[in-house]
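One structure below.
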Amino acid sequence: MSDHDFISGSKPIGIERGEGPYLYTADGTEYLDAGASFACTPLGHSHPAVVEAVQEQVGKLTFVDSSYPVQSREDAYAALVAATPDGLESAWFCNSGTEANEAALKFARSATGESKIIAATRSFHGRTMGSLAATWKDKYKEPFEPLAGDVEFVPYGDSEELAAAVDDGTAAVILEPIQGEGGINVPPAGYLETARELTDETGAALVFDEVQTGMGRTGEMWACQRAGVTPDVLTTAKGLGNGLPVGAVAVQDWIADGAASHNATFSGGPVVSAAVHATVSTLVEEEWPAHAAEMGDYLTAELEAALGDAVREVRGDGLLIGVELKRGANRVARDLAMDHQILALPAGRTVLRLLPPLVIDEAEADQLVDALTEIVAPEASAES
Ligand SMILES: *Cc1c(COP(=O)(O)O)cnc(C)c1O
């Protein structure tokens, strides 16, 4: 098996069922899902509250278009708007992260009447033409050019470069509060505040892509709350329906008021709405973000203590953790899976990305630390 096979969707592990942070093959082998299947299952796999809500809804009404009021959509809408930071008072549902960002950029353009979009190096915003244009990596873009948009890239985390780029012709500044795909990059303190000040001064929309950072992962419902900065537009998807395909864009009133027509057939369908309502209300009522903060501190401290100089850095916030290795991350991810039954994701060449479901406990965190120690710091592992 080559590394390429392992990352391209032909992993030699057939998953049949999931429960909590675990996935199981047909023969019952248990895998700890330390990537939460791309951060899509914050409550763990097949969480009963979500399963029940979806089963009930799919049997009652699978679909009706969004021009008819449906209780599950109204519940999802109310739960999401209540869970977003004050100031983001309306929301629009879609089907994925890229579609949420696509809408965010369109809303920003129509509300400001400007066209320039400022994005950051090492960003990832999705793979449709507009979101892709705001995504950094050439490998994702080159075969499909020309892309949609008038996008200028600035170095992520550099306030001065951002200040030099934002002007009166700027429609939007789009940033991940912590970059996920790009390697779990945490910006310096003050960077997101500066982005807020600059966009306030020029009238541009500040868009935070919380597709990966949101839904409680960093220890608050949204990573922007960790920094105390409210954007004009916040996008979410991945964990929003705990595994069902759904995204959303939450916006301030001035964006909603200026938004020209945009819609999608499946926007806020009854079944995904039932999943959103169950997921958001369970996260909030059972206070899983606080648990993520606690487990994130524990896991980060244990990783730092166990791995020491065998790795370059352990970074992130809450349960959004990147381990910068001194070797290729694909290989380490493969060894974790094949030798330790732990599933994790690479983020770039040398960063191993840990995004476990928020429901993991200390024993599961220890399992992860022990396995990673055995792979990257075998001497330390033999001593303990
Ligand atoms: C995954 C991701 C996206 C794209 O989401 P899709 O649902 O795959 O379209 C956008 N932004 C960020 C930060 C992501 O992590």
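As the structure lists them, so they are numbered: ligands from 1, and atoms in each ligand from 1. All values below were derived from every heavy atom in this structure, side-chain atoms included, with hydrogens, water molecules and symmetry-related copies excluded.
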Report task. Check whether any N or O atom of Thr98, backbone or side chain, sits under 3.5 Å from an N or O atom of ligand 1, and answer yes or no. Result ->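 There is such a contact, yes.
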
Query raised in the report: Would you say Val211 and ligand 1 have an N/O pair spaced under 3.5 Å apart?
Result: no

Query - Path from Tyr77 to Val284 over hydrophobic side-chain contacts below 4.5 Å - result: yes

Query raised in the report: Within 45° of the six-membered ring axis of Tyr24 and under 6.0 Å from that ring's centre, is NZ or CZ of Arg17 located there?
Result: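 Yes, a cation-pi geometry.
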
Of the protein's non-hydrogen atoms, which lies at the shortest distance from [atom], and what is that distance?
atom	value
atom 5 (O) of ligand 1	Gly97 CA, 3.3 Å
atom 14 (C) of ligand 1	Lys238 NZ, 2.9 Å
atom 11 (N) of ligand 1	Asp209 OD2, 2.7 Å

Report task. Decide, yes or no, whether a salt bridge links Arg122 with Glu181 under the criterion of side-chain N to carboxylate O below 4.0 Å. Result ->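 No.
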
Query - Phe38: ring pair (Phe, Tyr, Trp, His ring centres under 6.0 Å) partners, not counting sequence neighbours - result: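 Ring pair (Phe, Tyr, Trp, His ring centres under 6.0 Å) list for Phe38, sorted by chain: empty.
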
Requested in this report: Give a yes or no on whether atom 8 (O) of ligand 1 lies under 4.0 Å from any heavy atom of the protein.
Outcome: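 For atom 8 (O) of ligand 1 the answer is no, since every protein heavy atom stays at 4.0 Å or beyond.
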
Query raised in the report: Heavy atom under 4.0 Å from ligand 1: found in Phe38's side chain, backbone, both, or neither?
Result: neither

Report task. Number the atoms of ligand 1 from 1 as they appear, then name those within less than 4.0 Å of a heavy atom of Glu176, with their elements. Result ->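 Those of ligand 1 that fall under 4.0 Å from Glu176 are 13 (C).
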
Query - Atom indices of ligand 1, in the order listed, that fall short of 4.0 Å to a heavy atom of Asn101 - result: 10 (C), 11 (N)

Query raised in the report: Taking the six-membered ring for Trp, are the ring centroids of Tyr191 and Tyr156 within less than 6.0 Å of each other?
Result: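 Yes, ring centres under 6.0 Å apart.
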
Query raised in the report: When the aromatic ring centroids of Trp136 and Phe124 are compared, is their separation below 6.0 Å?
Result: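 Not close enough - the centres of the two rings lie 6.0 Å or further apart.
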
Can you give the donor-acceptor pairs under 3.5 Å from side chains of residues 241-257 to other protein atoms, not counting sequence neighbours?
unit_1 : atom_1 : unit_2 : atom_2 : d
Asn242 : OD1    : Leu43  : N      : 2.9
Asn242 : ND2    : Gly44  : O      : 3.0
Gln252 : NE2    : Pro231 : O      : 3.0
Trp254 : NE1    : Asp232 : OD1    : 3.0

Report task. Answer yes or no for His125: is there a heavy-atom contact with ligand 1 below 4.0 Å? Result ->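 Yes, His125 has heavy atoms under 4.0 Å from ligand 1.
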
